[in-house]
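Below: the structure, in structure tokens.
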Amino acid sequence: MVVAIMKGYIIFVIILMLLYTARHFYFTIVRLLGRQRLYYNDILTDRMKSISVLIPMHNEEQVLSNVLDSLLKCEYDRDRLEIIPINDNSTDRTREMLDEYHRNELQYRRNQKKRLKMKLRNYEMMEK
């Protein structure tokens, strides 16, 4: 009885090993003859895509400097990063602070219509 169980176990192991061998042989053939994947390129050597960051602001003087300084400190290529804060008729010092950043080569747009910030947020929620 024990001998029959051992023979069955050995046959099972041999069949399992043959299946794994066939599987790996198939993977090797597909890898050699199939379309090759592109290797991961280092982000520092690859050409970065241009991006634009739009920041709608309405009475944001308390957080404005933190937001803009964080974006300006990022390690993304400055030639490919466009940061555009949009003043939405702020009644606090947001406009003056944005004018100050604008002098340091930061694009800046002033909105003449009210409630742009809420419209952008609503649009963002509809996209999700």
Got [X] and [Y] here, is their nearest side-chain heavy-atom distance under 4.5 Å?
X: Leu81; Y: Leu71; value: no
X: Glu96; Y: Arg93; value: yes
X: Met57; Y: Leu98; value: yes
X: Tyr76; Y: Lys49; value: yes
X: Ile84; Y: Ile55; value: no

Can you label the angle between the His24 ring and the Tyr20 ring as parallel, tilted or perpendicular, going by 30° and 60°?
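His24 vs Tyr20 ring planes: parallel.
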Atom [atom1] in [X], atom [atom2] in [Y]: separation rounded to 0.5 Å?
X: Thr94; Y: Ile86; atom1: OG1; atom2: CD1; result: 13.5 Å
X: Ser52; Y: Arg80; atom1: OG; atom2: CZ; result: 12.0 Å
X: Glu82; Y: Ile51; atom1: CD; atom2: CD1; result: 10.0 Å
X: Arg95; Y: Asn87; atom1: CZ; atom2: CG; result: 7.0 Å

Transitive ILVMFWY side-chain link [X] to [Y], under 4.5 Å:
X: Tyr9; Y: Met17; result: yes
X: Phe27; Y: Val30; result: yes
X: Phe25; Y: Leu16; result: no

Within residues 61-72 or reaching into it, pairs that qualify as side-chain hydrogen bond (donor to acceptor under 3.5 Å, both in side chains) - sequence neighbours excluded
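For residues 61-72: Asp69-Tyr101.
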For side-chain contact (heavy atoms from CB on, under 4.5 Å), just list the numbers for Arg23 and Leu19, CA-CA rounded to whole Å, side-chain angles, deciding distance to a tenth of an Å, and then say yes or no.
CA-CA 6 Å; Arg23 177 178 174 241; Leu19 287 173; over 6 Å; no
Val3 and its side-chain contact (heavy atoms from CB on, under 4.5 Å) partner, picked from Lys7, Met6, Met1
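In the set Lys7, Met6, Met1, the residue that makes a side-chain contact (heavy atoms from CB on, under 4.5 Å) with Val3 is Lys7.
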For Asn59 and Thr91, test the side chains for any donor-to-acceptor distance below 3.5 angstrom and give the result as yes or no.
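A pair is found: one side chain offers a donor N or O, the other an acceptor, under 3.5 Å apart.
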